[in-house]
2 protein chains.
Amino acid sequence: MKVKTRWLTPPGQRAWRAVVGVHQGLPGVLARALQDCGNLSITDYVVLVALTDGPDGLHFQDLASTVQWEWSRMSHHLRRMAKRGLVTREECPKGGRGAHVVVTPGGCAAIETAAPRHVATVRRLVIDPLSPEELDMLTVLCERILGRLEADRP
Amino acid sequence: MKVKTRWLTPPGQRAWRAVVGVHQGLPGVLARALQDCGNLSITDYVVLVALTDGPDGLHFQDLASTVQWEWSRMSHHLRRMAKRGLVTREECPKGGRGAHVVVTPGGCAAIETAAPRHVATVRRLVIDPLSPEELDMLTVLCERILGRLEADRP
DNA sequence: GCATCATTGATGATGCGTCAACTACCGGTT
DNA sequence: AACCGGTAGTTGACGCATCATCAATGATGC
């Protein structure tokens with residue numbers, strides 16, 4: 001019951017396999033590293049980094065747009081994070097409507113322990129095994145692919 | 001409330017951003033392409049490709065090991081695919097215990113329409129925008145990273 | 001001043017993936 | 001035969017992501 005499709009050329013197959021392999025392997029290792037120090041998921045980490053990047057919290061919608069999430073996803077995730085004491089919703093200081101999201105001391109502590117280790121993991125897995133020239137090459141190639149991706153999804 | 005961590009160097013940041021961008025963007029485009037022709041998810045596609053790669057169906061555990069899934073995940077997914085008429089569980093031809101999974105005619109038709117388009121999408125997004133030398137370079141870099149990943153997860 | 005509409009955000013339903021039982025069945029041992 | 005340990009696979013519960021929908025709060029037109 002062979003499917004008769006013209007598959008990729010051997011170099012193409014090998015490249016695709018490698019890309020898929022990285023795609024499948026990276027999140028697991030990063031997630032484990034984050035789990036080991038502070039019980040954070042990758043998504044928690046992303047949200048906390050966005051929130052702690054400025055001096056104060058962020059508006060709900062600004063937060064959602066900086067991490068490129070839909071509002072509903074953000075809302076659900078903030079509820080779960082709030083239940084775990086990582087963030088809180090406050091009244092908007094500008095008085096208007098809209099939720100203002102801030103990091104609790106607990107969340108701040110969590111991100112401050114997690115961030116250095118996470119960066120170290122990224123370094124170890126992706127940055128360090130490549131020479132500076134190779135890193136630049138990887139950047140160029142990924143950005144080329146990214147361009148196609150964005151052209152595909154306007 | 002700035003988190004004071006030594007982040008990546010600018011080239012490192014740019015590389016990491018590009019890698020993450022590809023990682024986040026690729027599945028969406030591939031999933032849409034598969035959805036548009038046959039209502040398959042990426043996971044459906046992977047299972048169907050594995051099943052139609054040989055002349056006959058596969059043993060449950062062989063299927064699980066070729067696509068690198070846990071048994072429970074495979075079991076759940078096969079149940080859902082069976083409910084949609086894509087695969088069936090049969091008695092093992094060897095007589096022993098164990099489930100034998102085969103593709104239904106409907107599943108076969110689905111994969112035969114989906115596969116060429118999927119390959120074309122991969123080509124368009126990843127293979128075509130790169131020259132052969134660049135493709136080889138991408139392979140080498142990804143495989144280097146893969147090595148680190150596997151060293152990290154024994 | 002109020003009716004209408006868009007924005008902002010929350011909620012419920014559904015599907016997927018993981019973990020931890022749980023069942024069933026085969027093989028060998030006593 | 002009865003027992004037992006390991007293999008094969010299923011099931012249930014839970015967390016997360018997405019989609020559709022709902023409620024409340026603006027802004028705008030008349």
Side-chain angles (χ1 to χ4, degrees), chain A residues 23-32 34-35 39-48 51 57-102 153, chain B residues 23-32 34-35 39-48 51 57-102 153:
Chain A
H23 170 78
Q24 288 183 331
L26 255 182
V29 177
L30 291 174
R32 268 218 318 156
L34 281 173
Q35 196 78 12
N39 247 26
L40 294 180
S41 70
I42 298 184
T43 46
D44 298 334
Y45 179 83
V46 168
V47 169
L48 288 178
L51 280 177
L58 278 176
H59 242 54
F60 180 90
Q61 56 178 343
D62 297 335
L63 177 58
S65 80
T66 60
V67 303
Q68 301 262 55
W69 282 7
E70 293 182 20
W71 287 344
S72 70
R73 181 181 179 184
M74 182 58 78
S75 182
H76 282 301
H77 203 81
L78 286 181
R79 179 174 42 76
R80 291 187 289 252
M81 289 179 74
K83 198 166 60 183
R84 291 191 290 143
L86 296 171
V87 300
T88 349
R89 292 171 169 88
E90 287 185 352
E91 294 302 314
C92 180
K94 299 294 182 189
R97 61 183 159 166
H100 200 75
V101 186
V102 296
R153 191 64 163 148
Chain B
H23 170 77
Q24 288 184 330
L26 255 183
V29 178
L30 291 174
R32 266 219 317 156
L34 281 174
Q35 194 80 12
N39 248 26
L40 294 181
S41 70
I42 297 184
T43 46
D44 297 333
Y45 180 82
V46 168
V47 170
L48 288 177
L51 280 177
L58 277 176
H59 243 53
F60 179 90
Q61 56 179 339
D62 297 335
L63 177 57
S65 80
T66 61
V67 303
Q68 301 260 55
W69 283 5
E70 294 182 19
W71 284 353
S72 73
R73 180 181 180 183
M74 184 56 80
S75 182
H76 282 304
H77 203 80
L78 285 182
R79 177 176 44 76
R80 292 185 288 251
M81 288 178 76
K83 199 166 60 183
R84 289 191 290 144
L86 295 171
V87 299
T88 348
R89 289 170 169 88
E90 287 185 355
E91 294 301 314
C92 179
K94 299 293 181 189
R97 60 182 160 168
H100 200 74
V101 186
V102 297
R153 191 66 158 146

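Proteins come first, then strands; the chains are lettered A, B, ... in the order of their sequence lines, and each starts at number 1.
For the pair B:F60 CZ and D:dT11 C1', the computed distance is 12 Å after rounding to whole Å. For the pair B:Q35 CD and C:dG15 P, the computed distance is 13 Å after rounding to whole Å. Rounded to whole Å, atom C1' of D:dG9 lies 16 Å from atom NE2 of B:H100. The interatomic distance linking A:M81 (CE) with D:dG15 (P) rounds to 16 Å, in whole Å. At whole-Å resolution of the value, CD in B:Q68 and C1' in C:dT18 are 16 Å apart. The interatomic distance linking A:Q24 (CD) with C:dG17 (C1') rounds to 14 Å, in whole Å. The separation between A:Q61 atom CD and C:dA6 atom P is 18 Å, rounded to whole Å. Following rounding to the nearest Å, A:W69 (CH2) and C:dG9 (P) show an atom-to-atom distance of 16 Å.
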Checklist line | Stepwise side-chain contact (heavy atoms from CB on, under 4.5 Å) test for B:M81 and B:V47 | finding: CA-CA 10 Å; B:M81 288 178 76; B:V47 170; 3.9 Å; yes
Next item on the list: Show the numbers, then the answer: is there a side-chain contact (heavy atoms from CB on, under 4.5 Å) between B:R89 and B:S75?
Entry: CA-CA 11 Å; B:R89 289 170 169 88; B:S75 182; 4.0 Å; yes
Notebook entry, point to check: What's the verdict on side-chain contact (heavy atoms from CB on, under 4.5 Å) for B:Y45 and B:L30, showing C-alpha distance, side-chain angles and the deciding distance?
Noted result: CA-CA 11 Å; B:Y45 180 82; B:L30 291 174; over 6 Å; no
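Under the 30°/60° scheme for interplanar angles, the aromatic rings of A:H59 and A:H100 are found to stand perpendicular.
Rounded to 10°, the angle separating the first-five-pair axis and the last-five-pair axis of the helix from C:dG1-D:dC30 to C:dT30-D:dA1 equals 20°.
Of the residues near DNA chain D, A:D44 and A:E70, the one whose nearest nucleotide (by heavy atom distance) lies more toward the 5' end is A:D44.
When heavy atoms are screened at a 4.0 angstrom cut-off, A:R89 is found touching the sugar-phosphate backbone but no base atom. Note on A:T43: only backbone sugar-phosphate atoms sit closer than 4.0 angstrom, heavy atoms only; bases stay farther off.
Considering all non-hydrogen atoms of both residues, B:R84 and B:N39 come closest at NH1-O, 3.3 Å. Taking all atoms of both residues into account, the shortest heavy-atom contact from B:L34 to B:I42 is CD1-CA, 3.8 Å. Residues B:V101 and B:L51 come closest through the heavy atom pair O-CD2, 3.6 Å.
Residues from residues 71-80 of chain A that place a heavy atom under 4.0 Å from any atom of DNA chain C, listed by number: A:W71, A:S72, A:S75, A:H76.
Using a 3.5 Å distance cut-off with no hydrogens or angles, the side chains of A:R79 and A:H76 do pair a donor with an acceptor.
The distance from atom OG1 of A:T43 to atom CZ of A:R80, rounded to the nearest 0.5 Å, is 7.5 Å.
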